[in-house]
Amino acid sequence: MSTVVAVGAQWGDEGKGKIVDWLGPQADLVARFQGGNNAGHTLVVDGETTVLHVVPSGILHPGSVNLIGPGVVVDPAILLGELAKLEERGILKDPSRIRVSGRAHVILPWHTALDAARETAAGKAKIGTTGRGIGPCYEDKVARRGVRVADLREAGELRTKLESIAAQKNVELTKVHGAEPIDVDALYAQCLEWGRQLEPYIDHTGRILDRSLRGGKNVLFEGAQGTFLDIDHGTYPFVTSSNCVAGAVCTGSGIGPTKIDRVIGITKAYTTRVGSGPFPTELLDETGEQLRKAGAEFGATTGRPRRCGWLDGVLLREAVTVNGLTDLAINKLDILSGFDEIKVCTAYDIDGKITEDFPMTLAEAERAKPVYETMPGWSEDVRGLTSIEQFPDNARRYIERIEALAEIPAALLSVGPGREETIIVRELFG
């Protein structure tokens, strides 16, 4: 039995889907433990692109069972849409390959309506959410007024819950934001239909995990977003509404911390961010635009252009600390081919004081100026390489510098979007 947690080491969009897909054949189970359809994992297999928002990235491997844990918030319409597409393509032939926790909370229409209305009302102070209702759903979960997946099968209790919640939600929608109220009768009928369609997939995912681990199975835990979008450890308030770090695996899936063997942190060879918030190494020049175009840096969920900058070593070290990372996966090394020189941030200058630690407050993070180390670039195309020994000398030195800054080794290197464009440096399972 071996367990591996895959988490983002930046602000999300690090290419976690590709890495989880690549590790998938070695895992008997792939478990998603937090977030919702505000995440988008893009997989490219044999030239065909698949974008998943809720279903774990292991689904493309026929031998795996994929779990959506209690820490996830589920939009039934989005999930059912993904399942239908996977069925149409012949990828999902057996419902038992997708198990949805009955304890996962449901994103309802008032969540998405309030998300959009609140962002509009915030104006320039908006967080930059995806507008998918994730935050309002987690808000209801914590306030103990949420609807869970299992509730969709309980007609009597469901009606009472919806009426009670609607009394508060519709007041905010209509009186505060001037929006249309949610029709409870229509929502009730829709929820019952969702429950009927999801019935074959609903299960106690925690028990499945426990039985599998006791039986010596390999389990891969898949996170959404990234370390610095974590509600506690990220650049608050410009964060998501859940815990994205490796520790959230335990609460979000239902296992104890003693069951975790390895934690792989996924990082790009540079840094990107979507939405508002501090970004010390952001490049607002031709270099930043070159990275965006070469890396096709547009959000898989929203299509928004990503902000781009050089690799932030301060950010990476903090990710190692808060996640307990044991290994790195470095994505998009191919995008840096053709740069005469490459910069990497090794420290921050905050009010004239040099620090190698990520600041505690948002104000300090916004004032942080990167202290760069410049390294020679490489002109050779690294796509098609199959081992680290084949890399140009300068590319190998750059990888070694990243490892030195993180103080952990790289286990996987990515030189292109395809599944086969992944180089293994060290094994993770076993």
Side-chain angles (χ1 to χ4, degrees), residues 12 32-41 51-55 68-83 100-101 103-122 126-152 158 161-174 176-184 186-191 193-195 197-198 224-225 229-231 234 237-244 252 274-276 299-304:
R32 171 87 179 270
F33 61 89
Q34 52 78 221
N37 58 298
N38 53 338
H41 291 172
V51 179
L52 300 171
H53 298 280
V54 186
V55 174
I68 298 173
V72 179
V73 290
V74 176
D75 186 321
I78 299 296
L79 174 56
L80 288 167
E82 285 189 14
L83 295 175
V100 182
S101 173
R103 293 175 175 172
H105 279 248
V106 178
I107 299 171
L108 296 169
W110 47 59
H111 294 135
T112 52
L114 285 170
D115 202 355
R118 290 171 181 176
E119 279 285 271
T120 300
K126 65 182 181 180
I127 300 297
T129 77
T130 60
R132 301 302 195 265
I134 310 301
C137 185
Y138 275 115
E139 177 184 319
D140 281 351
K141 173 181 177 176
V142 174
R144 293 166 292 185
R145 58 171 176 253
V147 172
R148 304 203 288 186
V149 168
D151 295 331
L152 300 178
L158 176 63
K161 280 191 174 185
L162 291 177
E163 289 178 347
S164 175
I165 301 169
Q168 182 260 327
K169 298 299 180 185
N170 280 338
V171 167
E172 183 178 352
L173 282 169
T174 59
V176 178
H177 299 292
E180 292 296 316
I182 302 298
D183 184 322
V184 179
L187 178 57
Y188 175 63
Q190 180 66 79
C191 284
E193 177 60 20
W194 283 334
Q197 294 183 57
L198 288 173
Q225 288 86 37
L229 290 179
D230 184 277
I231 189 70
F238 299 100
V239 293
T240 193
S241 301
S242 61
N243 288 110
C244 315
V274 170
S276 305
T301 298
T302 63
R304 290 182 294 182

Colleague: Can you give me the closest heavy-atom contact between L229 and V239, atom names plus distance?
Modeller: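 That closest heavy-atom pairing would be O-CB, 3.3 Å.
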Colleague: Show the nearest heavy-atom pair for residues G36 and I134, with the distance to one decimal.
Modeller: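 Minimum heavy-atom separation between G36 and I134: CA-CD1, 4.0 Å.
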Colleague: Quick check: closest heavy atoms across R132 and T112, and the distance to 0.1 Å?
Modeller: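 R132 and T112 have their closest heavy atoms at O-CG2, 3.3 Å.
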Colleague: Which heavy atom in V72 sits nearest to a heavy atom in F33, and how many Å separate them?
Modeller: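 What the structure gives for the nearest pair is CG2-C, 3.8 Å.
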Colleague: Evaluate the side chain to side chain contact (heavy atoms under 4.5 Å, CB included) criterion for residues D230 and Q225: first the C-alpha distance (whole Å), next the side-chain angles of each, then the deciding distance (0.1 Å), finally the verdict.
Modeller: CA-CA 8 Å; D230 184 277; Q225 288 86 37; over 6 Å; no
Colleague: Could you report the tightest heavy-atom contact between Q34 and Y138, atom names first, then the distance?
Modeller: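 Nearest heavy atoms, Q34 then Y138: C-OH, 3.9 Å.
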Colleague: Would a 4.5 Å heavy-atom cut-off, applied to side chains only, mark D115 and P136 as touching?
Modeller: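 They are in side-chain contact.
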Colleague: Looking just at side-chain N and O atoms, do H111 and D140 make a donor-acceptor pair shorter than 3.5 Å?
Modeller: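 Distance-only check passes for H111 and D140.
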Colleague: How far does CG of D75 sit from NE2 of H105, to the nearest 0.5 angstrom?
Modeller: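 So the gap between those two atoms works out to 15.0 Å.
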Colleague: For atom CZ of R103, decide whether the heavy atoms of other residues, nucleotides or ligands shown that lie under 6.0 angstrom number more than 12.
Modeller: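 Counting neighbours around CZ of R103, 12 or fewer heavy atoms of other residues, nucleotides or ligands fall under 6.0 Å, so no.
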Colleague: Drop me the distance from L114's CG to E119's CD, to the nearest 0.5 angstrom.
Modeller: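 These two atoms lie 12.0 Å from each other.
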Colleague: Treating E82 as the side-chain partner and V55 as the backbone partner, does any N or O pair qualify as donor plus acceptor under 3.5 Å?
Modeller: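 Looks like yes, one N/O pair under 3.5 Å.
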Colleague: Would you give the length of the straight line joining atom NZ of K169 to atom OG1 of T174, rounded to the nearest 0.5 angstrom?
Modeller: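 Those atoms lie 13.0 Å apart.
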Colleague: Indicate the atoms forming the closest heavy-atom contact of K141 with G71, along with that distance.
Modeller: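 Result for this residue pair: NZ-CA, 4.0 Å.
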Colleague: Just how far is it from atom CZ of R148 to atom CG of L158, taken to the nearest 0.5 Å?
Modeller: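 Atom-to-atom, R148:CZ and L158:CG are 13.5 Å apart.
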Colleague: Using the rule given for side chain to side chain contact (heavy atoms under 4.5 Å, CB included), can you reason through L79 versus I68, listing the C-alpha separation, both sets of side-chain angles and the distance that settles it, and then say yes or no?
Modeller: CA-CA 10 Å; L79 174 56; I68 298 173; 4.0 Å; yes
Colleague: Does a salt bridge link D151 with K161, judged by any charged N lying under 4.0 Å from a carboxylate O?
Modeller: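 Salt bridge present between D151 and K161.
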Colleague: V54 and side-chain contact (heavy atoms from CB on, under 4.5 Å): which single residue from V73, N37, L80 fits?
Modeller: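 Looking at V73, N37, L80, the match for V54 under the side-chain contact (heavy atoms from CB on, under 4.5 Å) is N37.
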Colleague: Quick one, C191 with L108, criterion side chain to side chain contact (heavy atoms under 4.5 Å, CB included). Give me CA distance, side-chain angles, the key distance, then yes/no.
Modeller: CA-CA 9 Å; C191 284; L108 296 169; 3.8 Å; yes
